[in-house]
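Chain naming here is simple, since letters A, B, ... match the order of the sequence lines and numbering starts at 1 in each. In this text the structure is predicted, and so the values were computed from the model without any measurement.
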Protein chains: 2
Amino acid sequence: MTGTAIKNWQSVQQEVLNRINSKLWKPGDLIPNEAQLASEFGCARATVNRALQNLADTGLLERRRKAGTRVATHPVRKATLDIPIIRKEITGKGYAYRYALVSTETVVPPRDMAARMRLKPDEKILHIVGLHMANGEPYVFENRWINSNVVPAVRDVDFSKQSPNEWLVENIPFTSGDIAFSALCAGDFEAEMLSCKTGEGLFVIDRSTWKAEGAITSVRLVFAPGYRIHTEI
Amino acid sequence: MTGTAIKNWQSVQQEVLNRINSKLWKPGDLIPNEAQLASEFGCARATVNRALQNLADTGLLERRRKAGTRVATHPVRKATLDIPIIRKEITGKGYAYRYALVSTETVVPPRDMAARMRLKPDEKILHIVGLHMANGEPYVFENRWINSNVVPAVRDVDFSKQSPNEWLVENIPFTSGDIAFSALCAGDFEAEMLSCKTGEGLFVIDRSTWKAEGAITSVRLVFAPGYRIHTEI
DNA sequence: ATAATTTATATGTCTGCACATAATAAACTG
DNA sequence: CAGTTTATTATGTGCAGACATATAAATTAT
């Protein structure tokens, strides 16, 4: 017996969670439909719908029209990570931010990058390498390719004043993208850029963003040793 | 003029996105309130609410009662990662799964772990070390502490048959938790466990889960070289 | 028996209305 | 004038009813 009245969608969600956790509804089970739950809880179907949709979003329920709602067979936990602008991340921690441009050039990228960005053969794009620093210490090394044919405006930007990270976020809307997280062993190059020892374990983010006309940018961020990304679930 | 009718919340969301992307509504701007937008779009306020709430969830808008809705000053992108059960992750890739228990013992954990799990002084808890393998190759090394005082049932489980990862997910509901991602340089111990070279960059996940009575478990997962975690945004 | 079509049903979403809640702005008061 | 109270306002959420849509299941046609 809950004792508490079930009137708002949050309490419906909590009650459903309780039934899942108490194994009353086991993984794979079909649960009663919205109308039945609504009448049981004494609330509107819309309220039940809100609660169940929310649980489906977090991966605990699987819903299909006509087929009904069932408890997810293997609860895939979903963690939501915040990906801020690097400058904000650094100043947000109370450190002084500085961006150092290492190089820019317009060249034909390596095969794998050209393939990933779906470029035409021998298409030249912008390559920008830079370093974000916190309190003068290297924080993250940014190796970025920007498709200057899709984003012509990029040709007029002075990237010694503003990092491409920030310019892109503020000026180029994108429709889709992907992110990958991995780890890397510091080679001589990374060690020098991040002033760390070779062989250190480094956290790496690879990100690509797209708009309808094609790939906008693809970037690898290599973080200084000790970097960690944290979230609650 | 859009030309397309704005009747469902998705199209409202799209139109709002367009206005943000076209800089009609700039970062920091207060946008019209729900009632105004509803009358402009010719739909119900609830529909506008659904769209704006969704955009606020993804971090593009900031809403506060009475204060109104404004475009986020710095769009903090949110990436959602799926954290599956390790066995499912491995079999899902088509590999054969095997779990090898390395050791179990009930001991007083190191200071930092005791602090993180808020244990009483000299409180003994369960320490389980194991290895998940894909096609016979080491996939991830699991170093786990379980608070057997909060979860007494754990004392009767044979972890040579089932990994603690799986047993916990299936048997112990938890209310909250946190995850951190980082990178590590393989020392001699990690290298031997994962049969890789010392000095390799390894991807690491640290996770703790809690229920009302206290910390349930805290685990460090060290993945074999080459592991990456991927998501779309 | 198999394929195409229809039907039934659970979820998805819209509408219009109402009230709750939080937070700002305005009015008031000692 | 500072501190407190009150009104105002935008979002948050609830309700009942309706229709849309996907799709499993039943039915009919080939």
Phosphate oxygens OP1/OP2 of [N]: is one of them under 4.0 Å from a side-chain N or O of [X]?
| X | N | value |
| --- | --- | --- |
| Arg64(A) | dA10(C) | no |
| Asn8(A) | dT13(D) | no |
| Thr69(B) | dA10(D) | no |
| Gln53(A) | dT11(C) | no |
| Gln10(A) | dG12(D) | no |

On DNA chain C, does the nearest nucleotide to Lys66(A) precede the nearest nucleotide to Arg45(A) from the 5' side, or the other way round? Give the residue. Lys66(A)

What integer distance in Å separates Leu52(B):CG from dC14(C):P? 13 Å

Have Asp57(B) and Gln53(B) got a donor and an acceptor in their side chains that come within less than 3.5 Å? no

Which nucleotide in the set dT24(C), dT15(C), dG12(D) lies at the smallest distance from any side-chain heavy atom of Arg63(B)? dG12(D)

Which nucleotide in the list dG14(D), dA20(D), dT11(D) gets nearest to the side chain of Asn49(B)? dT11(D)

Assign each of Arg50(A) and Ala67(A) the nucleotide of DNA chain D bearing its closest heavy atom; nearer the 5' end lies the nucleotide of Arg50(A)

Should Glu137(B) and Lys93(B) count as an ion pair when the cut-off is N to O under 4.0 Å? no

